[in-house]
Engineer: 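One structure is given below, represented as C-alpha cells, and several questions about it will come after.
Just so we're on the same page: letters track the sequence lines, and every chain starts at 1.
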Number of protein chains: 2
Amino acid sequence: MTSRPFHHGNLRAVLLDQAEQTLRERGIDALSLRELARKAGVSHGAPRSHFVDRQSLLDALAERGFNRLAGEVEAVMASDAANYRQRLRAAAAAYVHFAVTDAALLDLMFTAKNGNPPEGLRAASGRLFAAVGDLIDQSIAAGELEPQDPHRLQLLFAAVMQGIASLVTSGRISAQDGDSLIDDAISLLVRA
Amino acid sequence: MTSRPFHHGNLRAVLLDQAEQTLRERGIDALSLRELARKAGVSHGAPRSHFVDRQSLLDALAERGFNRLAGEVEAVMASDAANYRQRLRAAAAAYVHFAVTDAALLDLMFTAKNGNPPEGLRAASGRLFAAVGDLIDQSIAAGELEPQDPHRLQLLFAAVMQGIASLVTSGRISAQDGDSLIDDAISLLVRA
DNA sequence: ACCTGAACACCGTTCAAGT
DNA sequence: ACCTGAACACCGTTCAAGT
C-alpha cells in the first residue's frame with residue numbers, strides 16, 4: 001500500500017502547501033522546485049507534471065492567496081454586523097492581518113507580472129476586488145457612504161487597503177499603526 | 001591607456017546603471033550578477049568587490065530608487081506652484097509615474113525584507129517619507145488641510161500613494177485610472 | 001497520467017592568486 | 001584596492017524512459 005507513488009492525485013496540493021509554508025518562513029528566494037520535490041519525497045522532475053515552470057507555481061500560490069483573502073472579505077459581508085462601518089473595518093483588518101502573516105505571499109500577489117496572468121489567477125484577483133466592491137456597494141445602500149461614484153469609491157478603498165498593507169509588509173509601519181490608519185481612512189470615507 | 005582595468009573607480013556605478021536597465025526591461029528574475037559582469041566586460045567575480053552578494057546589489061538599487069523619488073517630491077516642494085492642492089497632485093503624479101516606468105524597482109523598494117535593511121537604504125526611504133511629511137505639513141500650514149493629526153495624515157497620504165502605485169504596477173488599474181484616483185483621494189483629504 | 005533520472009546551461013558564492 | 005579564474009553546490013528546464 002505504501003508503495004511507490006507516495007502521492008497520488010494530490011502531489012500538486014502537497015507541493016503548494018509546502019511552498020506556502022516556505023514562502024512564509026523563508027521568503028520567495030528560498031523557494032525552489034527541487035527542494036519542494038525533495039521534501040515531498042519525489043524526484044526533482046515530478047513537479048513538472050503539475051507546474052510547467054517555477055512561475056506557474058508562483059501563480060498558483062498567488063491564486064490561492066487571492067481566493068483566501070476574498071473568502072475572508074466575503075465572510076465579513078455574510079456576518080451579522082449591522083453596522084457597515086464595522087464591516088469596512090473588519091474587511092480592512094483582515095487585509096492587514098493577511099499582510100502581517102503572509103507578507104511574502106501578498107508581495108507575490110501584487111508583483112508586477114511580465115506577461116499576461118493565467119486565467120485562474122485573473123479570476124481569483126477579480127473575486128477579491130468584486131468582494132470589496134460589493135462591500136462598498138452595500139455600505140452605500142445602507143447610507144453609510146455617499147453614493148457619489150461607487151466604482152471610484154471601490155478603487156479608492158482597495159488602494160487604501162493595499163497601501164496600508166504595503167507599508168506594513170515593507171516594515172515602514174507596524175501592524176498596530178496599520179490598524180490605526182484603517183480607522184482614519186474609514187472615518188474619512190464615511191464622513192465624505 | 002585602454003589597458004586592462006576597463007573600469008577604474010566606477011565599476012560599481014556601471015553595474016548599478018546596467019542593473020537598473022535590466023530590471024526595467026526584463027524584471028528582477030532576469031537580474032544576475034554574472035550577466036552584469038559580462039556586460040561590463042569584467043570577470044564574474046569582480047562585482048564582489050563592490051557588492052558582497054546579490055541582495056546587496058538589490059538593496060543599492062532600492063536605495064537609488066528611494067533617493068530619486070524623494071528628489072522628485074522635494075522638487076515639487078521647491079516649485080513655484082502656489083496652490084498646495086496642485087503640489088499634492090504633482091507629488092502623487094510623480095509617484096504613479098515612477099510606478100509605471102519602474103514597476104519592478106518600486107516592487108523591490110517595498111518588498112518584505114527578511115533581515116534589517118542596511119543603513120543607506122533606511123536613510124533613503126526615510127528621505128522619501130520625510131519629503132512626503134514635509135509636503136503634508138506645508139499643506140496644513142497653508143490651510144489646505146485640516147491640522148488634525150499631522151503624522152497620521154502623512155501616513156495616510158503615503159499609504160494612498162503607495163496603494164494606487166501598487167494597483168498600477170500589478171496591472172489592476174491603468175495609469176490613467178491611477179491619476180483619477182489621485183484626484184479623488186486628494187479631494188477627500190482636502191475636504192476633510 | 002504521472003513519475004524517474006540523466007543531461008545541460010546557468011547561477012551565487014568562496015577563495016587563492018595576481019596586479 | 002581591485003580584479004581574475006577555478007571550484008563548488010545549487011538551481012530551472014528538457015526529455016527519453018519507465019509504470
Side-chain angles (χ1 to χ4, degrees), chain A residues 1-23 25-62 104 108 111 113-115 117-118 120, chain B residues 1-23 25-62 104 108 111 113-115 117-118 120:
Chain A
M1 283 267 162
T2 61
S3 53
R4 252 183 293 96
F6 217 120
H7 309 282
H8 212 82
N10 71 338
L11 176 58
R12 186 189 146 95
V14 169
L15 291 172
L16 282 176
D17 286 343
Q18 183 58 245
E20 195 170 312
Q21 186 183 338
T22 300
L23 191 60
E25 294 173 353
R26 297 189 291 137
I28 192 164
D29 287 339
L31 202 62
S32 89
L33 290 175
R34 286 178 106 108
E35 186 185 290
L36 291 176
R38 241 177 280 132
K39 287 190 175 176
V42 294
S43 76
H44 69 259
R48 192 74 203 304
S49 300
H50 303 277
F51 307 100
V52 287
D53 56 19
R54 192 181 115 107
Q55 186 55 50
S56 170
L57 178 132
L58 297 183
D59 287 342
L61 282 174
L108 190 58
T111 272
K113 301 286 187 297
N114 286 344
Chain B
M1 281 270 165
T2 61
S3 55
R4 252 182 294 96
F6 218 120
H7 308 283
H8 212 81
N10 70 339
L11 176 57
R12 185 189 146 96
V14 168
L15 290 172
L16 283 176
D17 286 342
Q18 184 58 244
E20 196 171 310
Q21 186 183 337
T22 300
L23 191 62
E25 294 173 353
R26 297 189 289 139
I28 191 163
D29 288 338
L31 202 63
S32 89
L33 291 175
R34 286 177 106 109
E35 186 184 290
L36 291 176
R38 242 177 279 129
K39 288 191 175 177
V42 295
S43 77
H44 69 258
R48 193 75 205 301
S49 300
H50 303 278
F51 307 100
V52 287
D53 55 20
R54 192 181 115 108
Q55 185 56 51
S56 170
L57 178 132
L58 297 183
D59 286 343
L61 282 175
L108 190 59
T111 272
K113 301 286 187 298
N114 287 342

Engineer: Using whole Å, what does the distance between atom P of nucleotide D:dC10 and atom CZ of A:Arg38 come to?
Structural biologist: 7 Å

Engineer: Counting side-chain heavy atoms from CB outward, which of C:dA6, C:dT4, C:dC11 is closest to B:Glu35?
Structural biologist: C:dC11

Engineer: So which nucleotide does D:dG5 pair with, by the Watson-Crick or G-U wobble rule with both distances under 3.5 Å?
Structural biologist: C:dC15

Engineer: Please test B:Gln55 against B:Asp59 for side chain to side chain donor-acceptor pair (under 3.5 Å), starting from the C-alpha separation and ending with a verdict.
Structural biologist: CA-CA 6 Å; B:Gln55 185 56 51; B:Asp59 286 343; 2.9 Å; yes

Engineer: Mind checking whether A:Val14 and A:Val42 have side chains closer than 4.5 Å, heavy atoms only?
Structural biologist: no

Engineer: Rounded to the nearest angstrom, tell me the gap between atom CZ in A:Arg12 and atom C1' in C:dA1.
Structural biologist: 15 Å

Engineer: B:His44 has an atom NE2; how far is it from atom P of D:dC2, in whole Å?
Structural biologist: 19 Å

Engineer: For A:Arg54 and D:dC10, what is the distance between atoms CZ and C1' respectively, to the nearest whole Å?
Structural biologist: 13 Å

Engineer: Looking at C:dC3, C:dT13, D:dT13, which one has an atom nearest to any side-chain atom of A:Asp53?
Structural biologist: D:dT13

Engineer: So, under a plain 3.5 Å distance rule, would you say the side chain of B:Arg34 forms a donor-acceptor pair with the base of C:dT13?
Structural biologist: yes

Engineer: Between C:dG5, D:dA6, D:dC3, spot the one nearest the side chain of B:Ser49, thanks.
Structural biologist: D:dC3

Engineer: Atom CG of B:Leu31 to atom C1' of C:dC11: distance rounded to whole Å?
Structural biologist: 12 Å

Engineer: Partner lookup for D:dC10, please. Criteria are Watson-Crick or G-U wobble with both distances under 3.5 angstrom; report none if nothing qualifies.
Structural biologist: none

Engineer: How many whole angstroms separate atom CZ of A:Phe51 from atom P of D:dC11?
Structural biologist: 17 Å

Engineer: Expressed as a whole number of angstroms, how long is the span from A:Asp29:CG to D:dG12:P?
Structural biologist: 12 Å

Engineer: Just to confirm, is there a sub-4.0 Å distance from OP1 or OP2 of C:dT4 to any side-chain nitrogen or oxygen of A:Ser43?
Structural biologist: yes

Engineer: Students often get this wrong, so: under 4.0 angstrom with heavy atoms, is B:Ser32 touching a base, only sugar-phosphate, or nothing?
Structural biologist: sugar-phosphate

Engineer: State whether the distance check finds a donor on one side and an acceptor on the other, under 3.5 Å, for side chain B:His50 versus base D:dA1.
Structural biologist: no

Engineer: Quick one: which of A:Gln18, A:Arg54, A:Arg26 gives a side chain to side chain contact (heavy atoms under 4.5 Å, CB included) with A:Leu31?
Structural biologist: A:Arg54

Engineer: Got a donor-acceptor contact below 3.5 angstrom from the B:Lys113 side chain to the B:Thr111 backbone?
Structural biologist: yes

Engineer: Do you know the tightest heavy-atom contact between A:Leu61 and A:Leu108?
Structural biologist: CB-CD2, 4.0 Å

Engineer: Round to the nearest Å and state the distance from A:Arg48 atom CZ to D:dT13 atom P.
Structural biologist: 8 Å

